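Note that the coordinates shown come from a computational prediction; the quantities given were computed from them, not determined experimentally.
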Amino acid sequence: MPDTRTDLERARVATDEELALLLYHRSADVVLALLDNPALDETQLCLLLGRKDLPGEILEEVARRKPLLKNYGVKRALVFHPRTPRLISLRLLNDLYLMDLVQAALSPGVTVEVKRNAENQLLARLPQLPLGQKITLARRGPARVAGALLAEGHAQIISIALDNPYINEGQILKTLSREKLSTAVIPAIARHRKWSISYNVRLALVRHPLSPLATVLAYLPELTVSDLRELAAPGIVPESLRKYLQAEVQRRTRVVKKAARGQESSGAEPALEPE
C-alpha cells in the first residue's frame, strides 16, 4: 500500500479514476493536496464536500480560495456541511437561491444559528418576490416565513399558509396580535379545521377588533370565566362586545349558584365556580 508521501504527490497530479479514489483518502494532507490539482473539477469538488467526515481545516481552505467559490454548488455544499465554520456558513447564505435558503432553514443537519439567519434572509426577500414564489414559500417555507405571508393577507396565500406543515400556534397568535390585518385573514383562521379548535387561537380571535360578532359569540360559552372576566375589563375589547362578555359571566354565575343550591338540598358537596 502506498505511503502518505506518495499519495501526496499523486493527489497533485492524479486524473480520472485515480483522482476519484483519492477524494475519499483518510489523510487531511492528501485531501488538501487535491485542491492544488488542476484536474479537480467542480463536480469532483462537490463530491469531496459531500463527505461528512471532512475536517474543518479543509472546509476553511476551500472557502478561502475565491476561484473555487465561483461555483454555486461549492458554496451550497459548504453551507450545508455540518463542520463548516459558522462565519463561513453565515457569509455564504447571502448567495443561496430561494429554495436552498428554505432547505437550510429546515434541514436538521444545519445549526440553529444558520437556520435562523436563513429565515431572516427569506423574510428580507419577501417584499421583492413575485406572487408565484410567495405561494411556494407559503406552502413549503418555515414557520416564520409562512406566518409573515399569512399576515400579508393576500387572498391566494392565506389558506395555503394556514395549511403549511411547519406553521405553529405561535405564528398564528403573532398574526392575530396585529391590529391591522386583511379582513380575509380573521374569517380564514376562524374557519380553519385545525386552528379554529385551538383555545388560545379562539381567545385571540375574541380579542381581535376585526373578528365578526357571530364568531366571537360562538366562542364565549367555551371560554373560562377567568378569561371572560379579564376580557370584560375596560379597554380590552370594544364596549359593544363587553356587554356580551359580562352577560356570559352572569349566566355562568347563575348556573353555578343554581347547581350549588340543588346540591345543598340533596346534601352533596357544593360545586366550585369554574375558572
Side-chain angles (χ1 to χ4, degrees), residues 11 14 19-130 132-149 161 164-168 170-171:
L19 191 155
L21 290 173
L22 289 170
L23 294 176
Y24 303 95
H25 202 285
R26 294 183 179 182
S27 168
D29 290 334
V30 172
V31 175
L32 283 171
L34 281 172
L35 300 181
D36 294 323
N37 187 327
L40 182 73
D41 60 23
E42 296 160 353
T43 300
Q44 291 165 325
L45 180 54
C46 287
L47 285 174
L48 175 63
L49 294 174
R51 285 181 53 181
K52 302 305 180 187
D53 62 338
L54 283 181
E57 62 184 293
I58 294 175
L59 298 164
E60 286 187 58
E61 183 60 29
V62 172
R64 192 178 294 118
R65 301 191 182 198
K66 292 184 179 180
L68 298 181
L69 291 182
K70 291 180 179 179
N71 178 262
Y72 179 80
V74 172
K75 290 189 284 191
R76 183 186 183 281
L78 284 169
V79 170
F80 282 90
H81 199 286
R83 294 187 176 182
T84 298
R86 54 180 289 277
L87 292 179
I88 293 173
S89 294
L90 294 175
R91 172 168 54 86
L92 293 177
L93 276 176
N94 297 321
D95 299 326
L96 290 191
Y97 297 149
L98 191 72
M99 295 315 295
D100 283 331
L101 278 175
V102 171
Q103 187 176 347
L106 298 174
S107 176
V110 173
T111 66
V112 172
E113 185 179 16
V114 172
K115 287 176 186 285
R116 187 76 175 180
N117 277 271
E119 289 179 358
N120 291 341
Q121 288 276 343
L122 289 166
L123 292 170
R125 295 185 192 185
L126 286 184
Q128 289 78 42
L129 294 181
Q133 288 184 320
K134 287 187 175 184
I135 289 174
T136 299
L137 287 179
R139 181 176 290 114
R140 299 166 52 189
R144 289 173 65 209
V145 175
L149 288 166
N164 180 294
Y166 304 107
I167 199 169
N168 51 43
Q171 290 300 323

Between N120 and R144, is a side chain to side chain contact (heavy atoms under 4.5 Å, CB included) present by the stated rule, with each step listed?
CA-CA 9 Å; N120 291 341; R144 289 173 65 209; 2.9 Å; yes
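- The two atoms that bring L48 and L23 nearest to each other are CD1-O, 3.3 Å, heavy atoms only.
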- Could you walk me through whether L90 and V79 pass side chain to side chain contact (heavy atoms under 4.5 Å, CB included), step by step? CA-CA 8 Å; L90 294 175; V79 170; over 6 Å; no
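- The ring pair (Phe, Tyr, Trp, His ring centres under 6.0 Å) contacts involving residues 98-120 comprise nothing, where partners must be two or more places apart or lie in separate chains.
- Sorted by first and then second residue, the ring pair (Phe, Tyr, Trp, His ring centres under 6.0 Å) pairs involving residues 87-124 (not counting sequence neighbours) are Y72-Y97.
- When all heavy atoms of L34 and A11 are compared, the closest pair comes out as CD2-O, 3.5 Å.
- Taking D36 as the reference, R65 meet the side chain to side chain contact (heavy atoms under 4.5 Å, CB included) condition, with sequence neighbours excluded.
- In terms of the side chain to side chain contact (heavy atoms under 4.5 Å, CB included) criterion, A20 has no residue partners (sequence neighbours excluded).
- Contact annotation: the side chain of C46 approaches that of N71 to within less than 4.5 Å [non-hydrogen atoms, C-beta and beyond].
- Within the 3.5 Å criterion, the main-chain N or O of L78 finds a donor-acceptor partner in the side chain of T84.
- Legend: residues meeting side-chain hydrogen bond (donor to acceptor under 3.5 Å, both in side chains) with D95, ordered by chain and number and at least two apart, are absent.
- Here the side chains of M99 and T136 are in contact, with some heavy-atom distance below 4.5 Å.
- For the pair E61 and L35, the minimum side-chain heavy-atom distance is below 4.5 Å.
- Across A105 and E119, no two heavy atoms sit closer than the pair CB-CG, 3.8 Å.
- Residues I135 and L149 fail the side-chain proximity criterion, which asks for heavy atoms closer than 4.5 Å.
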(request) Please report the C-alpha distance between L22 and N37 in whole Å, then the side-chain angles of each, then the deciding distance to 0.1 Å, and finally whether the side chain to side chain contact (heavy atoms under 4.5 Å, CB included) criterion is met. (result) CA-CA 11 Å; L22 289 170; N37 187 327; over 6 Å; no
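- The minimum heavy-atom distance between S27 and H25, with the atom names listed, is N-ND1, 3.0 Å.
- Every residue was checked against the salt bridge (Lys or Arg N to Asp or Glu O under 4.0 Å) condition with E42, not counting sequence neighbours, and none meets it.
- Within the structure, salt bridge (charged side-chain N to carboxylate O under 4.0 Å, His left out) contacts touching residues 48-57 (residues at least two apart or in different chains) are R51-D53.
- Contact between L19 and A14 at its shortest, heavy atoms only, is CD1-O, 3.2 Å.
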Without placing hydrogens or testing angles, list every side-chain donor-acceptor pair under 3.5 Å for residues 121-129, not counting sequence neighbours.
residue: Q121; atom: NE2; partner: N94; partner atom: OD1; Å: 2.3
residue: R125; atom: NH1; partner: L96; partner atom: O; Å: 3.1
residue: R125; atom: NH2; partner: L96; partner atom: O; Å: 3.1

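- Scanning for salt bridge (Lys or Arg N to Asp or Glu O under 4.0 Å) contacts around D41 gives an empty result, with sequence neighbours left out.
- Inter-residue side-chain proximity for L54 and V31 is flagged as met; some heavy-atom pair is nearer than 4.5 Å.
- With sequence neighbours left out, R76 forms a salt bridge (Lys or Arg N to Asp or Glu O under 4.0 Å) with D100.
- The closest donor-acceptor contact from the side chain of N164 to the backbone of A146 lies at 3.5 Å or more, if one exists at all.
- Residue pairs that meet the salt bridge (charged side-chain N to carboxylate O under 4.0 Å, His left out) test with at least one member in residues 104-117, sequence neighbours left out, are R86-E113.
- G147 approaches Q171 most closely through the heavy-atom pair CA-OE1, 3.9 Å.
- With sequence neighbours left out, A104 forms a side chain to side chain contact (heavy atoms under 4.5 Å, CB included) with F80, L93, A118.
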